Amino acid sequence: MSVAREDVTTPVIVGRSSSHFTRIARIFAAELRVDYSFRVLRDLLSSNPEDYGGNPALRIPVLQTPKGVWFGVLNVCRELRRMSSLSPHVVWPEDLEAPVLANAQELVLQAMSTEVTLIMSKLGGTGESAHQSKMRTALTNMMSWLEQNATTVLATLPSNRDLSFLEVTLFCLVRHLEFREVLPMTSYEELNAFCQKFETRASAMETTFRFDT
Ligand SMILES: N[C@@H](CCC(=O)N[C@@H](CS)C(=O)NCC(=O)O)C(=O)O
């Protein structure tokens with residue numbers, strides 16, 4: 001189903017229930033109490049930008065609103081914040097001034113992208129190349145860094161925050177690595193403890209990863 005931009009009165013998130021980038025947007029929408037309809041991208045191998053809400057990068061999530069279309073999860077989350085009638089204290093990437101926080105955000109987003117590349121190359125049907133094996137090493141290194149620094153990261157974030165882009169992305173990354181069986185996560189104790197706490201939020205419970213049917 002394709003939704004023309006002129007017809008959008010309720011915001012539309014284009015994505016997949018199995019996508020970690022999409023889940024970030026949906027968690028933000030739930031936390032910010034922004035209603036939306038969800039348009040599932042059925043074929044991740046489609047080369048038609050229309051299937052991706054018009055995103056020429058052929059990536060999800062995309063947010064369509066009466067104002068326009070938003071590509072990329074950070075843009076989507078920022079627009080959801082502007083649309084919300086609530087005023088929670090949200091910590092954004094540019095607020096992360098301590099190196100441990102800025103580096104954590106960088107590594108979380110990089111790990112998410114590396115994971116996407118590993119999954120997509122598997123979907124493409126090729127065997128593991130030297131570059132893919134390097135990416136797997138990088139992914140493991142990044143997750144070890146995040147495990148070692150998780151306690152400091154969480155203690156350094158502003159204590160009066162309601163929500164942070166860093167925590168939402170970290171949560172979606174860890175749970176997705178498990179869900180897609182890209183990396184066993186049982187030995188990452190600090191990250192698991194963080195996720196167990198984070199997933200008591202209604203926004204996390206409502207957006208559990210699943211494959212769309
Ligand atoms: N920079 C984008 C990346 C989004 C992204 O990589 N999404 C994945 C799904 S989780 C995707 O669209 N993959 C399709 C592909 O790699 O071809 C963002 O911030 O939203």
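Counting starts at 1 for both ligands and their atoms, following the listed order. One is the number of the first residue; the rest follow in order along the sequence. Nothing here was measured: the structure is a model prediction, and the numbers come from that model.
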For each nitrogen or oxygen atom of ligand 1, which protein N/O atoms lie closer than 3.5 Å, and how far apart are they, rounded to 0.1 Å?
{"from": "ligand 1", "atom 1": "6 (O)", "to": "Arg59", "atom 2": "NH1", "distance (Å)": "2.8"}
{"from": "ligand 1", "atom 1": "7 (N)", "to": "Ile60", "atom 2": "O", "distance (Å)": "2.8"}
{"from": "ligand 1", "atom 1": "12 (O)", "to": "Ile60", "atom 2": "N", "distance (Å)": "2.9"}
{"from": "ligand 1", "atom 1": "16 (O)", "to": "Arg59", "atom 2": "NH1", "distance (Å)": "3.4"}
{"from": "ligand 1", "atom 1": "19 (O)", "to": "Val73", "atom 2": "N", "distance (Å)": "3.3"}
{"from": "ligand 1", "atom 1": "20 (O)", "to": "Val73", "atom 2": "N", "distance (Å)": "2.9"}

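Using a cutoff of 4.0 Å between basic side-chain nitrogens and carboxylate oxygens, Lys122 and Glu181 are not scored as salt-bridged.
Judged by a 6.0 Å distance limit and a 45° cone about the ring axis, Arg175 is not positioned over the six-membered ring of Phe209. Remark: Arg59 is not positioned above the aromatic ring of Phe21, lacking an NZ or CZ atom under 6.0 angstrom from the ring centre and at most 45 degrees off the axis.
Taking Glu147 as the reference, nothing meets the salt bridge (Lys or Arg N to Asp or Glu O under 4.0 Å) condition, with sequence neighbours excluded.
Side-chain N or O atoms of His20 include none that pairs as donor or acceptor with a backbone N or O of His176 at under 3.5 Å.
When each of Val73, Thr169, Leu107 is checked for a side-chain contact (heavy atoms from CB on, under 4.5 Å) with Met112, only Thr169 meets the rule.
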